[in-house]
Amino acid sequence: MNRRGLLAATAATGLTLATVSFAHAEDRSEDRSGPGPDGPHRTRTVRGTLPAGSPDYVYLPVEVPRGVAEFAVSYTYGKPPVPPGAQGNALDIGLFDERGTALGGRGFRGWSGGARTSFFVRADAATPGYLPGPVRPGTWHIALAPYTVAPEGLPYEVAVTLRFGEPAPTPAPVYPPERAKGRGRAWYRGDCHVHSIHSDGRRTPAEVAAAARAAGLDFINSSEHNTTSAHAAWEGLWGDDLLILTGEEITTRNGHVLAVGTDPGVFVDWRYRARENRFGRYAHQVRRAGGLVVPAHPHATCIGCNWKFGLADADAVEVWNGPWTPDDEIALAEWDNALVAAVRNPGDGGDGPGRWLPAMGNSDAHREPDRVGHPQTVVLAESLSRRAILAGIRAGRSYLAESAALTLSFGATDGRGGHAGIGERLRAAADAPVSVRLEVSGAAADCTVRLVTDQGVLLTTPLPAAGTGVVEWRTTPAHAAYVRAEVRHAPAVPGLPGAFAALTNPVFLDAAAGTAG
């Protein structure tokens, strides 16, 4: 069946192709392959070409009759060579059921992006990335998303197969518990950006969990691209030693954002751009579901990765994504500039920093040789529970480390019994002496410590060759409104900063009225 040229305009978010119709199950005249081992089934094939400048989403409606047990799709598209500097073809795909394609609606049934060329959905099972459930009659929609289109267009072919029969029961999903045994109030290590076969990763959930344990992690966050199908895929993989949070990597065309620790099964839509002013609505949905909003790799160079929604709706920001790269260095500089702005604009109480965003580090691991837990966020939490871990991240009581081998202790004291740790505030007279102390263990032999304030880098000193040492520095709140610590490897390129081994969130030094008596 050829559908060339049958594009019909809909809302600004996309276009709709002509509808693919199937006869009712009772009519056997349209069977393509006969009963077969899987029961009666029919296939329709749609071909067409999407022109350059196509909208972000093109919907292919499929009329599903009664008696369908399985909805299956396969697709291919042309990848012609393009001249240097021109974009080639890339076509993502997903599925919405008879409840419709409305933004934030209930019709979402799965997304595989460009990771798969086929998928199926039925009551008792579905391809990873897709949600099992009944195949009810009505108009379903295959979502075609031309990520990039070559100058001569994107030719595609979509085959839709409906299999008829009695559906099996839909199993109740089993989600991870919200608490693990833990160690009470302690520092817990986690990686909140990992991928499995439920999006574009190559590891199974079991392999991800094993890699997390091998990396010494206490918690991970399931963060697949634009789908929640992995939320119910962790049964038997959690334990007293590993808390598994559920979330999503909301992958828009104007940047990616992690939903960290949302209620299991909560899907957050991604089909909008910054100019549409919709992001605040979905950030609110993440928080309403108990999660955190964390822009991911905000300066990554991949197409569609650069963050364009601003940080007003964020709870933290991922400044370190996988192995340290120049785009992480840019994210770090932007984050530090935001810290400076926060201390220059006091909060509602008129003193201390205004709203500030904690930094996070995550691996974004997809496949070997990506290392789960490189880097990791080390959080001071009251317990190994969803609520306590998210509270620690939100408060900035955390530091970032390249592995579980590296441990930090960082804080400031005023000599009068006052103390503040990472993410906390030490209130002292503007000219009162404050001692800052960093303890490092498990670092590499080539590492150097840098103490950074709102005035810039004010101390640089090498660690002992053993990678373990103590750095102390004295300052005043008038001289440093905050202090944060960096542990860096030796530069790979002369004149440029070395890659990170560890990074702390700041300790704030608030200047109280008066002087040190």
Ring pair (Phe, Tyr, Trp, His ring centres under 6.0 Å) evaluation trace for Y482 with W356: CA-CA 12 Å; Y482 66 81; W356 66 282; 9.0 Å; no
Evaluation steps, salt bridge (Lys or Arg N to Asp or Glu O under 4.0 Å), between E368 and R203: CA-CA 8 Å; E368 297 295 338; R203 294 182 173 105; 3.0 Å; yes
Residues F267, W111; criterion ring pair (Phe, Tyr, Trp, His ring centres under 6.0 Å); working and verdict: CA-CA 11 Å; F267 164 70; W111 181 257; 9.7 Å; no
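The pair D218-R189 does not count as a salt bridge, with every side-chain nitrogen at least 4.0 angstrom from each carboxylate oxygen. Ion pairing of E329 with R488 is present here, as a side-chain N (NZ or NE/NH1/NH2) and a carboxylate O approach within less than 4.0 Å. The pair D241-K181 does not count as a salt bridge, with every side-chain nitrogen at least 4.0 angstrom from each carboxylate oxygen. Checked for salt-bridge contact, R484 and D336 meet the test: a charged N lies under 4.0 Å from a carboxylate O.
Applying the disulfide (SG to SG under 2.5 Å) test to every pair with at least one member in residues 447-479, sequence neighbours left out, gives no pairs at all. Sorted by first and then second residue, the side chain to side chain donor-acceptor pair (under 3.5 Å) pairs involving residues 463-473 (not counting sequence neighbours) are R437-E472.
Scanning for side chain to side chain contact (heavy atoms under 4.5 Å, CB included) contacts around A210 gives an empty result, with sequence neighbours left out.
With a 6.0 Å cutoff to the six-membered ring centre and a 45° limit on the axis angle, R253 counts as a cation-pi contact of Y57.
S398 pairs in a side-chain hydrogen bond (donor to acceptor under 3.5 Å, both in side chains) with only one of the listed residues (N505, T504, T377), which is N505.
In this structure, D263 and T246 have side chains that are not in contact, with every pair of non-hydrogen atoms separated by 4.5 Å or more.
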